[in-house]
Engineer: 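Got a structure for you, questions after.
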Amino acid sequence: MMKNLSKFVLIFGAMAMMACGDKKEKDTEEQTTIGNTSTEETTQTRQVESEETSDSDVVEITIEGNDQMRFNKDEIRVKAGQTVRLTLKHVGQMDKNAMGHNWVLLTQGTDISEFGGAAVSAKDNDYIPEGTDQVIAHTKMLGGGESATIEFEAPEKGTYDFICSFPGHYSLMKGKFIVE
Ligand code: CO
């Protein structure tokens with residue numbers, strides 16, 4: 001916002017200088033040139049800044065869960081070092097107590113069945129076992145029509161499992177999260 005604003009002020013300033021150039025034409029030309037030069041410099045500066053704080057290291061992923069107890073993806077690929085901005089959408093209509101969906105990324109080596117079993121008794125914690133060290137990232141539990149976005153750093157290169165930890169869902173609602 002502020003950078004756009006300052007560019008606007010610069011451009012507006014240059015226009016204003018041009019507008020008042022009726023009497024001092026020569027001066028105005030010089031002023032306009034100066035104005036253009038500083039605009040170019042500002043643009044270059046902005047490009048450098050945008051490389052440093054680039055959004056290209058953020059990967060946006062959307063995954064859906066439905067009333068048929070399915071994700072619409074069984075594989076997600078990201079690159080090591082990326083920030084993952086993942087949105088889970090429950091595109092069904094059923095209540096979260098009947099057809100709840102979350103997206104849970106598990107550490108490598110986690111036994112899905114064991115984890116899913118432990119999750120069953122963690123209803124009060126959104127079906128995430130309390131104090132677990134087997135979850136890299138997870139969304140909250142959603143009902144039909146809801147969505148949630150989480151952001152996390154991609155773990156090191158490798159293949160990871162993701163599941164929905166609602167009781168019984170992991171057998172169908174699971175997939176591979178691959179960090180390349
Ligand atoms: Co589910």
Side-chain angles (χ1 to χ4, degrees), residues 1-5 46-180:
M1 273 305 267
M2 288 306 291
K3 285 172 198 163
N4 287 338
L5 185 64
R46 289 174 69 233
Q47 280 169 352
V48 170
E49 280 175 7
S50 72
E51 272 170 32
E52 283 168 359
T53 58
S54 177
D55 247 19
S56 66
D57 284 342
V58 177
V59 56
E60 306 231 13
I61 290 158
T62 301
I63 182 167
E64 297 174 356
N66 62 21
D67 282 346
Q68 287 71 49
M69 207 196 295
R70 291 281 191 179
F71 284 129
N72 69 339
K73 287 181 178 153
D74 58 12
E75 188 180 292
I76 294 171
R77 284 176 185 270
V78 304
K79 291 187 169 60
Q82 282 185 318
T83 296
V84 183
R85 192 177 293 151
L86 181 138
T87 298
L88 171 65
K89 288 184 182 173
H90 191 320
V91 296
Q93 296 177 345
M94 293 174 70
D95 190 83
K96 91 170 179 181
N97 292 316
M99 186 55 72
H101 298 321
N102 62 2
W103 186 89
V104 184
L105 180 61
L106 300 171
T107 55
Q108 282 178 315
T110 296
D111 185 302
I112 292 179
S113 302
E114 274 179 30
F115 184 89
V120 171
S121 51
K123 183 171 193 284
D124 291 344
N125 198 42
D126 236 12
Y127 294 110
I128 302 292
E130 295 265 10
T132 180
D133 60 359
Q134 297 179 305
V135 172
I136 296 170
H138 71 89
T139 69
K140 62 179 183 175
M141 193 65 71
L142 305 178
E146 295 180 328
S147 72
T149 300
I150 54 168
E151 205 172 287
F152 59 95
E153 299 302 316
E156 65 183 32
K157 287 181 186 181
T159 301
Y160 302 76
D161 291 304
F162 68 82
I163 62 166
C164 168
S165 69
F166 191 89
H169 285 201
Y170 65 84
S171 56
L172 287 175
M173 299 189 76
K174 63 182 175 186
K176 297 294 182 188
F177 185 88
I178 299 163
V179 184
E180 297 172 313

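Counting starts at 1 for both ligands and their atoms, following the listed order. Starting from 1, each residue takes its place in the sequence as its number.
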Engineer: Do Thr110 and Asp161 have side-chain heavy atoms sitting under 4.5 Å apart?
Structural biologist: no
Engineer: Identify each donor-acceptor pair in which a side-chain atom of residues 126-139 lies under 3.5 Å from a protein atom, sequence neighbours left out, and give them as a table.
Structural biologist:
| residue | atom | partner | partner atom | Å |
| --- | --- | --- | --- | --- |
| Asp126 | OD2 | Met141 | N | 2.9 |
| Thr132 | OG1 | Gln134 | N | 3.0 |
| Thr139 | OG1 | Trp103 | N | 3.0 |

Engineer: Do any of the N, O or S atoms of Phe166 sit under 2.8 Å from the Co ion (ligand 1)?
Structural biologist: no
Engineer: Write the atom name of the N, O or S atom in His169 that is nearest the Co ion (ligand 1).
Structural biologist: ND1
Engineer: For the metal site, I want the angle between atom SG of Cys164 and atom ND1 of His101 with the Co ion (ligand 1) at the apex, to 10°.
Structural biologist: 130°
Engineer: Please find the pair of heavy atoms, one from Asp67 and one from Met94, that lie closest to each other, and give the distance.
Structural biologist: OD1-N, 3.2 Å
Engineer: Taking the six-membered ring for Trp, are Phe162 and Phe71 closer than 6.0 Å centroid to centroid?
Structural biologist: yes
